[in-house]
Every structure is written in structure tokens, then in C-alpha cells.
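A quick write-up on the structure given underneath.
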Amino acid sequence: MSLIQEIRRFSSDIVGEEQLVKMLEKSAAEKRPLRVKFGIDPTFPEVHLGHAVPIRLLRLFQEHGHLPVLILGDGTARLGDPTGRNDQRPPLTPEMVEENAKTYLVQIGKLLDLSEGVCEVRRNNEWFSKMDFFDCLQLAAKSTAARLLERDDFQKRMQANLPVHLHEMMYPLMQGLDSVKVEADVELGGNDQLFNLHMGRQMQEREGQRPQVCITTPLLLGTDGRKMSKSYGNHVGLNASSDDMFGKVMSLSDEGMATWFSLATQMSTQAIDAQLAGHPREAKDCLARAVVTELHSAEAAAAASEEFVRRFQKKEKPSDVPEKLVAAGAYSLPSLMKAVGLANTTSEARRMIEGGGVRIDDEVIKDVRYLVALEESGASVLMQAGKRHFAKISAE
RNA sequence: GGGAAGGUACCUAAGCGGCCAACAGGGUUGGAUUGUAAAUCCAAUGGCACUGCCUUCAGAGGUUCGAAUCCUCUCCUUCCCA
């Protein structure tokens with residue numbers, strides 16, 4: 001399959017498709033790689049599979065000899081992309097951003113070769129930190145209020161009588177400036193990024209550069225069918241353990257499977273169709289294996305699958321239960337649960353107990369005043385809270 | 001600068017002097033069922049040394065036996081006019 005065909009598979013919109021075809025031809029003839037920009041703001045400590053879709057497309061370009069320009073938005077992260085948001089997020093401190101930026105590189109490195117020569121990693125503070133107020137004014141002069149207010153998010157917020165802050169309108173301009181600074185030929189992003197990508201294209205044109213081609217990738221929805229986001233808890237982190245990742249994928253709704261197959265795995269369309277024709281559970285197992293294989297290993301995937309069957313289909317205990325040590329003594333059950341982290345508060349622990357969700361050594365305990373006797377050093381009990389959480393508690 | 005409407009738990013949103021830890025829906029959590037899918041049903045949903053106690057209804061004061069509810073000031077948001 002040619003590069004352009006593969007690109008089409010992973011994209012939902014290509015602005016300047018004809019231009020892209022010509023660029024690819026020219027690049028091949030002149031042996032000059034295209035500069036393909038992808039920017040990500042280190043606003044959270046975790047990168048998830050949703051982010052992985054454009055990254056995978058970026059890798060595709062890389063495999064074909066082009067140069068990924070990865071922008072870690074340590075400048076833009078301070079502001080935060082208002083896309084899809086109807087509230088302002090609390091501003092991040094430079095320290096938090098730096099912390100996140102480091103882990104981002106590790107996580108993205110699982111999918112993309114970040115070695116020098118085959119990839120360019122930039123931080124946009126390189127230019128934003130040097131701009132003074134008048135530079136900012138100049139940047140603001142690059143667009144108009146009407147143009148920026150066209151954005152869907154802003155429209156919706158204004159209709160709902162919610163605030164739209166001035167600095168939020170700067171975000172697309174900042175992202176556009178990135179494109180100018182790195183002289184991007186192509187920029188990738190999720191399909192909610194179209195507006196921002198367009199801005200880069202326009203700004204480059206104003207600066208006398210060749211406008212970038214904008215490619216957006218379809219959105220990978222979270223396991224519950226909503227937009228994948230950490231705050232919904234429906235995301236699959238690239239850093240997640242193999243068991244966790246496998247379990248998350250298995251909890252995916254059936255409707256989402258087809259998209260997940262095509263966006264989160266490397267499988268061919270034929271292989272995917274074959275899977276989808278079978279039992280949904282088997283298909284999902286195959287999907288989960290594929291995902292875990294890419295981010296961990298085939299062995300880890302096989303192990304995670306077995307573990308999953310053992311735990312949830314056969315309802316056996318997990319093969320390794322975290323062990324917690326406590327001082328010898330008798331404990332009231334709710335406070336012990338809080339102490340070992342199976343509940344956030346004792347009230348929460350009580351609720352679980354009353355709801356029949358707590359077992360000690362396989363026996364359901366419904367009495368909130370139950371005392372766990374761990375008087376002798378070395379004594380231990382197996383505690384289960386809910387379906388997934390286990391702890392082996394031993395007395396010191 | 002002038003005028004109007006608002007700020008209630010994770011979100012939406014009732015309550016407008018005692019029956020309020022606060023209606024309802026969403027979400028979340030636990031349970032049943034199941035393919036840890038969907039759908040459905042039940043329950044819980046501020047904290048704690050839990051038949052009680054403590055801290056909440058933007059913030060600070062005040063009125064009252066008693067305030068989320070009334071008054072004063074402050075902070076924040078939106079809308080209209082300039």
C-alpha cells in the first residue's frame with residue numbers, strides 16, 4: 001500500500017490533499033524528507049491511546065523516510081487548549097509541566113523512534129518564553145476576533161452564558177506560531193484540532209511560507225463510548241500495566257470495537273473483518289492482545305489474557321495480590337480498608353461493606369463493626385473490596 | 001460607568017426561616033444478571049471514634065430561640081446599555 005493510501009486509512013480530514021500528493025512526489029525526487037509536525041501539550045502525567053492515533057500516523061511518515069517534528073507544548077500547556085472544554089483548567093506550574101514533559105517522551109518513545117536524525121523534538125517554550133508583551137500583541141494581530149470566535153467551543157459557551165476568556169483565544173495563534181517556527185510541511189492532529197491546524201496554515205501563508213497540509217485523525221473514543229479523557233476514567237494509558245491495559249480494553253463497548261481495531265492496532269482490514277464476524281468476546285480478546293502486544297510484548301499480552309480469564313471468567317483470585325503490612329493488632333474493618341488503600345474514606349468502606357462488596361478470606365462480611373484479628377506477628381488475611389481490588393494484609 | 005440576573009454537593013438543578021447533610025436527574029461506587037459489552041433491576045453517594053457527633057449551600061459579618069433561606073458588605077460570572 002502506498003503512503004498516501006495508508007494516510008487515508010488513518011485520517012478523517014486532509015486539508016490540501018492534492019498539495020500533499022505533489023509534496024510527497026517532490027520529496028521523493030529530491031530526497032528531501034517532509035517535516036511532519038505533531039504537537040502535544042504535557043498537561044497531564046499520562047499519554048493515552050487516543051493520543052496514540054496521530055502518533056501512529058506520524059510513525060508511518062517516519063517509516064517512509066520523513067521527519068517527525070514532535071512539539072512538546074511546554075509553553076502552550078501553561079495556557080491549556082480550550083478545545084472541547086467549557087471550563088477553564090487551573091493553570092499548571094512550570095514544574096508540573098516539566099515533570100509531565102519528561103514522562104511524555106518516555107511514553108511516546110514506545111510508539112515512535114525519537115532518536116536524533118530520524119526525529120526532531122522541540123519545546124515551544126524555546127520561542128514563547130522569549131516573547132515580550134509587544135510580541136504577543138503582534139501575534140494577536142494575526143487574526144481577528146470574529147475569526148477566533150467562530151470556534152464551536154466558544155460559540156457554545158457564549159450561548160450557554162459561560163465565560164470565554166481572552167487568553168483562550170490566543171491558543172490557536174500559539175499553535176499556529178509553532179508551525180511557522182518549525183516550518184512544518186504537514187501537521188497532524190485529532191479531528192478536534194482542525195481549527196487549530198488551519199490557523200497554522202494561514203499564519204504560515206502570511207509569513208511567506210508554504211502553507212502546511214493539515215491531516216486530522218479520527219477520534220478514538222474511550223471505553224464507554226464517550227470522548228477518551230482521563231477525567232472520565234475511560235482512557236487507556238500508554239504507561240498502564242499489561243493486565244490493566246488488557247482489562248480496560250475488555251471493558252470497551254461492542255460498538256466501539258471496529259474503530260478501535262482500525263485505529264489502535266496494525267491489523268489489516270481483512271483480518272479485522274474476520275475478527276468482527278466472530279463472537280464479540282473473542283474479537284475483543286484479540287483486540288486487547290494486539291494493543292498490549294504493541295505497548296508491552298506478545299508474552300505480556302498472552303499472560304494478561306490468561307490472567308483475565310482466570311480472574312473474571314473463572315472468578316478466581318488474581319495471581320499476584322499486593323501485600324500490605326500493618327502493625328499487629330485488631331482492626332475495625334472500615335478503618336483497616338482505608339489504611340491499606342482499598343477505600344478512600346471509612347464512610348466509603350462502610351458503604352461497600354453494607355453493599356456486600358467486601359470479603360475476608362472469601363467470606364462476605366456485612367457487619368461494619370467486624371474486627372479483623374491480626375494480633376500475632378505473621379498472621380494474614382486476604383481482603384477483597386469490589387470485583388477488582390485485593391490486598392493481602394499481614395501483621396508485622 | 002449605569003441597569004438586570006445569578007453563585008447550592010462531581011455535574012445539571014430544586015429548596016427561599018425550623019420537617020435540610022439538603023428534592024430530582026446524570027455520573028460514580030457496591031450488589032444481582034452477564035461476555036468485567038450493552039440493556040435491566042436493587043442499594044449507596046460530606047466526614048468521623050456512626051442508633052450519635054462534626055463540617056457544609058461563594059466569603060465575611062448581622063437579625064433570630066433557630067438561616068442555604070432575611071439584612072449588610074466583599075468576591076466571582078453572565079446579559080443589556082455606554
Side-chain angles (χ1 to χ4, degrees), chain A residues 84-90 149 154-168 221-227 229-236 240-261 275-289 291-292 304-318 329-339 341-360 363-371 383-390:
Chain A
R85 298 214 134 232
N86 53 17
D87 56 353
Q88 244 187 304
R89 45 185 127 190
L149 285 171
F154 293 154
Q155 288 291 335
K156 278 187 193 143
R157 276 201 258 171
M158 290 196 293
Q159 271 160 28
N161 282 1
L162 290 168
V164 174
H165 294 263
L166 278 181
H167 70 289
E168 296 181 88
L221 294 176
T223 49
D224 57 358
R226 287 185 290 171
K227 183 187 164 165
S229 154
K230 203 180 155 72
S231 36
Y232 291 150
N234 62 1
H235 70 300
V236 178
S241 71
S242 50
D243 283 341
D244 190 35
M245 202 178 276
F246 195 94
K248 281 270 181 61
V249 178
M250 287 307 280
S251 76
L252 172 71
S253 61
D254 287 2
E255 294 74 46
M257 259 205 291
T259 353
W260 272 62
F261 263 117
Q275 282 298 330
L276 289 174
H279 189 285
R281 212 211 77 88
E282 297 312 315
K284 220 176 279 176
D285 178 79
C286 167
L287 173 67
R289 277 171 188 256
V291 170
V292 176
S305 173
E306 273 175 42
E307 176 75 14
F308 183 84
V309 170
R310 176 164 61 238
R311 234 172 118 174
F312 297 107
Q313 277 169 264
K314 299 190 185 156
K315 310 225 174 186
E316 289 170 21
K317 281 178 265 312
Y331 292 87
S332 88
L333 184 50
S335 52
L336 183 60
M337 285 172 65
K338 184 184 170 190
L342 288 176
N344 291 322
T345 62
T346 59
S347 298
E348 186 180 303
R350 283 168 165 272
R351 274 179 237 135
M352 278 196 230
I353 295 165
E354 283 164 1
V358 175
R359 289 161 194 260
I360 286 182
E363 202 181 324
V364 176
I365 306 292
K366 281 199 162 187
D367 178 10
V368 293
R369 288 194 232 177
Y370 183 89
L371 283 182
M383 191 183 281
Q384 177 180 4
K387 284 193 178 72
R388 298 156 254 214
H389 303 292
F390 291 83

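Lettering of chains follows the sequences in order, A, B, ..., and the numbering in each one begins at 1. Quick caveat, the model's predicted, so the values are computed rather than measured.
- The shortest side-chain heavy-atom distance between Y331(A) and L371(A) does not fall under the 4.5 Å cut-off.
- Partners of D254(A) under the salt bridge (charged side-chain N to carboxylate O under 4.0 Å, His left out) rule, at least two apart in sequence or in another chain, are K284(A).
- One can place CE of M257(A) at 8 Å from C1' of A37(B), the figure rounded to the nearest angstrom.
- To the nearest angstrom, P of U29(B) lies 9 Å from NE2 of H389(A).
- Regarding E348(A), its CD atom lies at a distance of 14 Å from the P atom of C10(B), rounded to whole Å.
- Among the atoms of the strands shown, only primed sugar atoms or phosphate atoms (P, OP1, OP2) are found under 4.0 Å from some heavy atom of Q313(A).
- Using a 4.0 Å cut-off, no side-chain N or O of K366(A) falls inside it from OP1 or OP2 of G31(B).
- Taking R289(A) as the reference, D285(A), S305(A) meet the side chain to side chain donor-acceptor pair (under 3.5 Å) condition, with sequence neighbours excluded.
- Base contact: G247(A) has a heavy atom under 4.0 Å from a base atom.
- Pair assignment for A9(B) gives none, since no Watson-Crick or G-U wobble pairing has each distance under 3.5 Å.
- Between M250(A) atom CE and A38(B) atom P there is a gap of 12 Å when expressed in whole angstrom units.
- For K387(A), a side-chain nitrogen or oxygen approaches OP1 or OP2 of G31(B) to under 4.0 Å.
- Each of R359(A) and S347(A) lies near RNA chain B, and the nucleotide nearest R359(A) is the one positioned closer to the 5' end.
- Remark: R369(A) engages no residue in a side chain to side chain donor-acceptor pair (under 3.5 Å) (not counting sequence neighbours).
- A straight line from CG of L333(A) to C1' of G30(B) spans 14 Å, rounded to a whole angstrom.
- Scanning residues 276-285 of chain A for heavy-atom distances under 4.0 Å to RNA chain B yields P280(A), R281(A), K284(A).
- Across U34(B) and A44(B), the matching C1' atoms stand 22 Å from one another, rounded to whole Å.
- Counting heavy atoms from C-beta on, the side chains of I353(A) and D367(A) never come closer than 4.5 Å.
- For F312(A), the ring pair (Phe, Tyr, Trp, His ring centres under 6.0 Å) partners at least two apart in sequence or on another chain are F308(A).
- A5(B) and C20(B) have their C1' atoms separated by 26 Å, given to the nearest Å.
- Taking atom P on both nucleotides, U74(B) is separated from G1(B) by 13 Å, rounded to a whole Å.
- One can place CD of Q275(A) at 19 Å from P of A37(B), the figure rounded to the nearest angstrom.
- With C1' as the reference atom, A14(B) and U63(B) are 26 Å apart, rounded to whole Å.
- For C48(B), one of the phosphate oxygens OP1 or OP2 lies less than 4.0 angstrom from a side-chain nitrogen or oxygen of T345(A).
- Pair assignment for C50(B) gives none, since no Watson-Crick or G-U wobble pairing has each distance under 3.5 Å.
- As rounded to the nearest Å, C19(B) and U36(B) have C1' atoms that lie 43 Å from one another.
- Among the protein residues, K338(A) comes within range of the sugar-phosphate backbone only, with heavy atoms under 4.0 Å from sugar or phosphate atoms but none that close to a base.
- Across all strands shown, A14(B) forms no Watson-Crick or G-U wobble pair with both distances under 3.5 Å.
- Between the P atom of A32(B) and the CD atom of E354(A) lies a distance of 16 Å, rounded to the nearest Å.
- As the counterpart of U29(B), A43(B) is assigned, both hydrogen-bonding distances of the Watson-Crick or G-U wobble pattern falling under 3.5 Å.
- Side chain R350(A) to base C50(B): a donor-acceptor pair is found below 3.5 Å.
- Side-chain nitrogen and oxygen atoms of R351(A) include none within less than 4.0 Å of the OP1 or OP2 phosphate oxygen of G46(B).
- The C1' atoms of C81(B) and U72(B) are separated by 28 Å, rounded to the nearest whole Å.
- Partners of K366(A) according to the salt bridge (charged side-chain N to carboxylate O under 4.0 Å, His left out) rule, which considers only residues two or more places apart in sequence or in another chain, do not exist here.
- A 3.5 Å limit on both hydrogen-bonding distances identifies U78(B) as the Watson-Crick or G-U partner of A4(B).
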Provide a list of protein-nucleic acid N or O atom pairs under 3.5 angstrom, restricted to nucleotides 78-82 of chain B.
{"from": "U78(B)", "atom 1": "O2'", "to": "N161(A)", "atom 2": "OD1", "distance (Å)": "3.3"}
{"from": "U78(B)", "atom 1": "O2'", "to": "N161(A)", "atom 2": "ND2", "distance (Å)": "3.0"}

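- The P atoms of A13(B) and U45(B) are separated by 23 Å, rounded to the nearest whole Å.
- The salt bridge (charged side-chain N to carboxylate O under 4.0 Å, His left out) search around E307(A) returns R310(A), not counting sequence neighbours.
- Of the charged side-chain nitrogens involved, none lies within less than 4.0 Å of a carboxylate oxygen, so that E306(A) and K314(A) do not count as a salt-bridged pair.
- The backbone N or O of R388(A) lies less than 3.5 Å from a partner atom in the side chain of R311(A), making a donor-acceptor pair.
- Base pairing annotation: C57(B) forms no Watson-Crick or G-U wobble pair, as no partner gives both donor-acceptor distances under 3.5 Å.
- If you take CZ of R388(A) and P of G30(B), they are 6 Å apart, rounded to a whole angstrom.
- Take D243(A) and apply the salt bridge (charged side-chain N to carboxylate O under 4.0 Å, His left out) test, not counting sequence neighbours, and it matches no residue.
- Atom name P, nucleotides G47(B) and U40(B): the rounded distance is 28 Å, in whole Å.
- Residues forming a side chain to side chain donor-acceptor pair (under 3.5 Å) with K387(A) (at least two apart in sequence, or on another chain): none.
- For T259(A), there are no side chain to side chain donor-acceptor pair (under 3.5 Å) partners two or more places apart in sequence or in a different chain.
- Checked by atom type and distance alone, the side chain of N234(A) pairs as donor or acceptor with a backbone atom of K227(A) at under 3.5 Å.
- Contact check for E168(A) versus R157(A): side-chain heavy atoms found under the 4.5 Å cut-off.
- Nucleotides of RNA chain B nearest to S335(A) and D254(A) differ in position, and the one nearer the 5' end is that of D254(A).
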Polar-atom pairs under 3.5 Å, protein N or O versus N or O of nucleotides 21-25 of chain B: list them with distances, or write none.
none

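- For the pair T346(A) and A49(B), the criterion of a side-chain N or O lying under 4.0 Å from OP1 or OP2 is met.
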